[in-house]
Amino acid sequence: MYRTHHCGELRKEHAGRKVKLAGWVDSRRDHGGLVFIDLRDREGVTQVVFDPSSSPQAAELSHELRSEFVVQVEGEVSPRPEGTANAQLPTGAIEVRAANILVLNRSGALPYPLDDTSVNEDLRLEYRFLDIRRRLMQSNLHQRHRVVKVIRDDLDEKGFWEIETPILSKSTPEGARDYLVPSRVHPGLFYALPQAPQQYKQLLMVAGIERYFQIARCFRDEDLRADRQPEFTQVDLEMSFPSQEEIFALVEGMMRRIWKEVLGMTLPEEFPQMGYRQAMDRFGSDKPDTRYGMELGDFTEVFRSSSFKIFAGAVQAGGVVKAINVKKFADVTTGQIEQLTEMAKSFGAKGLAWIKVEGGEWKSPIVKFFSDCERQSLSKNLNVEEGDLILFAAGEWRASCEILGRLRMHLAELLTSQGKLSIDPKAWNFLWVKDFPLFMKDPETGRLAAMHHPFTRPHPEDEQKIETDPMGVRAQAYDIVLNGVEIGGGSIRIHEAALQKKMFKALQIPDETVQEQFGHLLKAFSFGAPPHGGLAIGLDRLVMLICGASSIREVIAFPKNARAQDLMSHSPSPVESKQLRDLQIEIKKK
RNA sequence: GGAGCUGUAGCUCAAUUGGUUAGAGCACCGCCCUGUCACGGCGGGGGUUGCGGGUUCGAGCCCCGUCAGCUCCGCCA
């Protein structure tokens, strides 16, 4: 037996006990005579003392110890001498007086200090096995485990069955780029790794499972971000005979339980809901961060016949004029204005109109065109005060909202760093965003595309408009947003073959393609498919927020870097030419 | 594909306006140290300043190119 206790366990009441501990040398303090080491395992740290007067052999050996050696220590638990207890440490009242020590394994000099948080991330990723020894990473992975445990318990109690679906599945043209897996048995044919178990979970509903969930690994071959990895984990769930409100209540209950059991916090009984249109109008985002204000104001009517032709022109072209009030930022520099303008342009704006309110005056290149009435409307609706900076966007509705929405996010970060805006670090602002449009215009082809996915059910009131006014059709689709991060989304699905066909028609997907790609689904829908719906929660993002981390890489044991490489195992990598021959694949030389 | 930031010892950083032998703390090695807990003290080793080119009497610093990392846009729910 390697150990009788773990390193976070021993207390005063164990005094006098003979114990064995095993773990890593966290730090050593070698006094020449007395030697102290902090022995660490997953559960904590215990001080071990080597005294040459009681155990000369162990004391002699202890000089050899270095950081991260793995050792086994045998000794007696002893209360620390008067005045030497360490109140910072749960085990700080005692120490283990070593009678014997066994070095189970040595460690080379570390490539970087494990107690330093500001180390290059590529180095941390290369030595991930060391990185995960750090207390913070251990805590993050433990939190993740606890979240998943609560989710499984919660869904189990609510009658959901955990069912696995294939990883080797079928490529579909919709959505993200697929990761492909070549078939050896069928040369020239490919499996695709699932972007989500979407079709399978709908088929499970047709199959009468009624309530399904899966902690599902999903794959998307797109460029990475701080909150996007090529492989990530979804809590995927689907239920039969649901209403949208039932799904909301289910997820709210799950979140409440996670916050209770993992963070010890109580969340509200109901989460607020907001329509997509309102979210865009007020926050310029379909995942608004409602922890701070800076809401968008609408001045379309005010400037309809303004003498400022840029605004009036935008309105007459069917567009809008929107503005935000950036509080306390009238001291913005010319350089910063330029930077904001560049940013607005990169989001599709033609320029960025602004007003500084300084010394009781409105300083701006455009304000001379404004009538008193226009000024009053701005002043009143944006609550304009001394020291404010007003920013405008004019043009097409969605683009104008998005431009200001992105500036709003950027400025919130900037103002926070300047101490001009404070966001409650303990705030957990959940929000349901619902009534998304069913369709969007594909900017490349100009054709309709599914906003969520092609199986999304239209809002019952709008179903008739699919052929006549598709862009005006709302979907029974919803996202759950936490502090401005989209942590999940889903929809009520189409369960009738006829409606599904209508949908494919609106999307201009040719019949042969429909049969080829989705024939099995349509066939399933013709055999008594129940009404069904569900959603998927991005587990990595959820845990990231719970851990207060700024990247999902901090809550994934072995993540990939921004170029989709694993720096530790060096994947992706070349393969043997025999492997390629088996697959009948040839690599084109550049 | 595009933009921004970063790149100096194993790690974290410094190096005045372009100026002599590129420094410090930690880590590593050696010696000393019996109540430390980021122990302390003395000494030592360790550098192609990411790489290539240019300007200059002289480049870590300026210019051009390139590579790498991160963040964002595009892309992606």
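Values reported hereafter were calculated over all heavy atoms of this structure, with side chains retained and with hydrogens, waters and symmetry mates removed. Treat the numbers as computed from the prediction; the structure is a model and nothing was measured. Letters go in sequence order (proteins before strands), and every chain restarts at 1.
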(Q) Nearest 0.5 angstrom please: Gln273(A) CD to Phe430(A) CZ, how far? (A) 14.0 Å
Q.
Mind checking if Met451(A) touches a base, just sugar-phosphate, or nothing, with heavy atoms under 4.0 Å?
A. base
(Q) Tell me whether Glu68(A) is salt-bridged to Arg133(A), with the criterion being a basic N under 4.0 Å from an acidic carboxylate O. (A) yes
**Q.** Closest-nucleotide 5' rank along RNA chain B - winner of Ser551(A) and Arg177(A)
**A.** Ser551(A)
Q | Heavy-atom pair of closest approach, residues Thr456(A) and Leu438(A) | A | O-CD1, 3.5 Å
Q: Give the B/S/- string for nucleotides 34-46 of chain B, one per nucleotide from 5' to 3', where a protein heavy atom under 4.0 Å of the base yields B, of only the sugar-phosphate yields S, and otherwise -.
A: BBBB-B-------
**Q.** Paired and unpaired positions of RNA chain B as dot-bracket, Watson-Crick or G-U wobble under 3.5 Å, | denoting a partner strand
**A.** (((((((..((((.....[...)))).(((((.......))))).....(((((..]....))))))))))))....
Q) Nearest to the side chain of Pro113(A) - C72(B), C70(B), C11(B)? A) C11(B)
Q) Which residue pairs satisfy the side-chain hydrogen bond (donor to acceptor under 3.5 Å, both in side chains) criterion with at least one member in residues 479-490 of chain A, sequence neighbours excluded? A) none
Q | Pair of N/O donor and acceptor under 3.5 Å linking C75(B) base with Arg220(A) side chain | A | no
Q: Considering just the side-chain nitrogens and oxygens of Arg66(A), establish if one lies under 4.0 Å of OP1 or OP2 belonging to A27(B).
A: no
(Q) Does G69(B) have its OP1 or OP2 closer than 4.0 Å to a side-chain nitrogen or oxygen of Arg563(A)? (A) yes
Q. Residues in salt bridge (Lys or Arg N to Asp or Glu O under 4.0 Å) with Arg541(A), at least two apart?
A. Asp227(A)
Q | Candidate nucleotides G69(B), A77(B), C11(B), ranked by approach to the side chain of Gln565(A) - the nearest | A | G69(B)
Q | Inter-nucleotide P distance (G23(B), A9(B)), Å rounded | A | 14 Å
Q) Between Arg553(A) and U71(B), is there a side-chain N or O to OP1/OP2 distance below 4.0 Å? A) yes
Q. Quantified in whole Å, what is the C1' atom distance between nucleotide U12(B) and nucleotide G7(B)?
A. 14 Å
(Q) Going by the rule salt bridge (Lys or Arg N to Asp or Glu O under 4.0 Å), which residues pair with Asp286(A) if we only count those two or more places apart in sequence or in a different chain? (A) none
(Q) Once side chain to side chain donor-acceptor pair (under 3.5 Å) is applied, do any residues pair with Asn561(A), and if so which ones, sequence neighbours excluded? (A) Gln565(A)
